Amino acid sequence: MKIGIGYDVHRFAKNKKLILGGTEIPYKKGLSGHSDADVLLHAIIDALLGAAALGDIGQHFPDNDNNYKGISSLLLLKKTANLLSGNGYKIINIDSTIIAEEPKIGEYKEKMRENIAAAVGIEKNNINIKGKTEEGLGFTGKRKGIKAEAICLIKKEC
């Protein structure tokens, strides 16, 4: 069994859609990034890659490669799950936290869990998403962007 930890942060940007967990969230701003800037999926991707000692998201999906410009992070997550599988790993579970003052994500968490489960090929009940604020403190507390953290457990298949 191996554990991986992932973290990502993106600043808000005008005239962009807000995508979290592969789900479009109605909000006045989106996130700035080379892909769709799905901060949650980026943290999960880094957790999975880290657990398998396969590098990080920037190594596999560099932000200076036009092949990834505007790409859905769900596709990047699927590619990551396939990479792990190709290296003999099975994903056991994923736990994650979205840190933002707003928007509130409660009503979108189930859809996010479904999207992630489908992308990585595990049951939805092995995926958890929490939403937290920073009580007005720091980067996210000042509503400048969104952070996400993730942890995962993977197992080497025989």
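Sequential numbering from 1 along the given sequence is applied to the chain's residues. Just so it is clear, the structure is predicted and the values come from calculations on it, not from any experiment.
- Rounding to the nearest 0.5 Å gives a distance of 13.5 Å between CG of Leu54 and CD1 of Ile57.
- Side-chain atoms of Met112 and Glu114, non-hydrogen and from C-beta on, never get closer than 4.5 Å to each other.
- With a 6.0 Å radius and a threshold of 12 heavy atoms from other residues, nucleotides or ligands, Glu123 has its CD atom at or below the threshold.
- In this structure, the side chains of Thr80 and His60 stay at 4.5 Å or more apart for every pair of heavy atoms.
- Minimum heavy-atom separation, Asn115 to Gly22: ND2-O, 3.1 Å.
- Interatomic distance, Glu135 CD to Thr140 OG1, rounded to the nearest 0.5 Å: 10.5 Å.
- Between Tyr108 and Leu20 the shortest side-chain heavy-atom distance does not fall below 4.5 Å.
- No continuous path of ILVMFWY side-chain contacts below 4.5 Å connects Tyr7 to Ile127, so the two sit in separate hydrophobic clusters.
- Among Val120, Leu76, Leu83, Leu40, the single residue meeting the side chain to side chain contact (heavy atoms under 4.5 Å, CB included) criterion with Ile45 is Leu76.
- Geometrically, Lys156 engages Tyr89 in a cation-pi contact defined by less than 6.0 Å to the ring centre and at most 45° from the axis.
- Across Gln59 and Gly55, no two heavy atoms sit closer than the pair OE1-CA, 3.0 Å.
- Note: Tyr27 and Phe12 have tilted aromatic rings, judged against thresholds of 30 and 60 degrees for the angle between ring planes.
- A distance of 5.5 Å separates CD1 in Ile116 from OG in Ser96, rounded to the nearest 0.5 Å.
- Looking only at side-chain heavy atoms (C-beta outward), Thr133 and Lys104 come within less than 4.5 Å of each other.
- His42 contributes no side-chain N or O that, together with a main-chain N or O of Gly6, makes up a donor-acceptor pair within less than 3.5 Å.
- Closest approach of Leu84 to Leu49, counting heavy atoms only: CD1-CD2, 4.4 Å.
- Note: Asp38 CG to His10 NE2 = 8.0 Å, rounded to the nearest 0.5 Å.
- For the atom pair Asn126 CG and Arg113 CZ, the distance stands at 9.0 Å (nearest 0.5 Å).
- Looking at heavy atoms from C-beta onward, Ile3 lies in side-chain contact with Ile151 at the 4.5 angstrom threshold.
- Counting heavy atoms from C-beta on, the side chains of Leu18 and Pro103 come closer than 4.5 Å.
- Heavy-atom contacts from other residues, nucleotides or ligands closer than 6.0 Å to NZ of Lys79 number 12 or fewer.
- Using a cutoff of 4.0 Å between basic side-chain nitrogens and carboxylate oxygens, Asp95 and Lys130 are scored as salt-bridged.
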Side chain to side chain contact (heavy atoms under 4.5 Å, CB included) between Ile105 and Ile129, worked out: CA-CA 10 Å; Ile105 61 159; Ile129 300 170; 4.2 Å; yes
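- Between Lys2 and Ala51 the shortest heavy-atom distance is CD-O, 3.1 Å.
- For the atom pair Asp36 CG and Ser73 OG, the distance stands at 3.5 Å (nearest 0.5 Å).
- Residues Leu41 and Ile99 are members of separate hydrophobic clusters, defined by side-chain heavy-atom contacts under 4.5 angstrom among Ile, Leu, Val, Met, Phe, Trp and Tyr.
- With hydrophobic clusters built from ILVMFWY side chains whose heavy atoms lie under 4.5 angstrom apart, Tyr68 does not share a cluster with Ile19.
- Ile92 and Ile94 fall into different hydrophobic clusters, where Ile, Leu, Val, Met, Phe, Trp and Tyr side chains are chained together by heavy-atom contacts under 4.5 Å.
- In terms of heavy-atom proximity, Leu77 sits nearest to Ala119 at CD2-CB, 3.8 Å.
- Between Lys142 and Glu134, no side-chain nitrogen of the basic residue sits less than 4.0 Å from a carboxylate oxygen of the acidic one, so the salt-bridge criterion is not met.
- Listed here is the closest heavy atom pair of Asp8 and Val39: O-CG2, 3.3 Å.
- Hydrophobic cluster membership differs between Met1 and Leu48, with clusters built from Ile, Leu, Val, Met, Phe, Trp and Tyr side chains linked at under 4.5 angstrom.
- Screening Lys144, Lys28, Lys29 for a salt bridge (Lys or Arg N to Asp or Glu O under 4.0 Å) involving Glu102 leaves a single residue, Lys28.
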Candidate pair Ile122 and Asn93, rule side chain to side chain contact (heavy atoms under 4.5 Å, CB included), full reasoning: CA-CA 8 Å; Ile122 65 174; Asn93 80 314; 5.5 Å; no
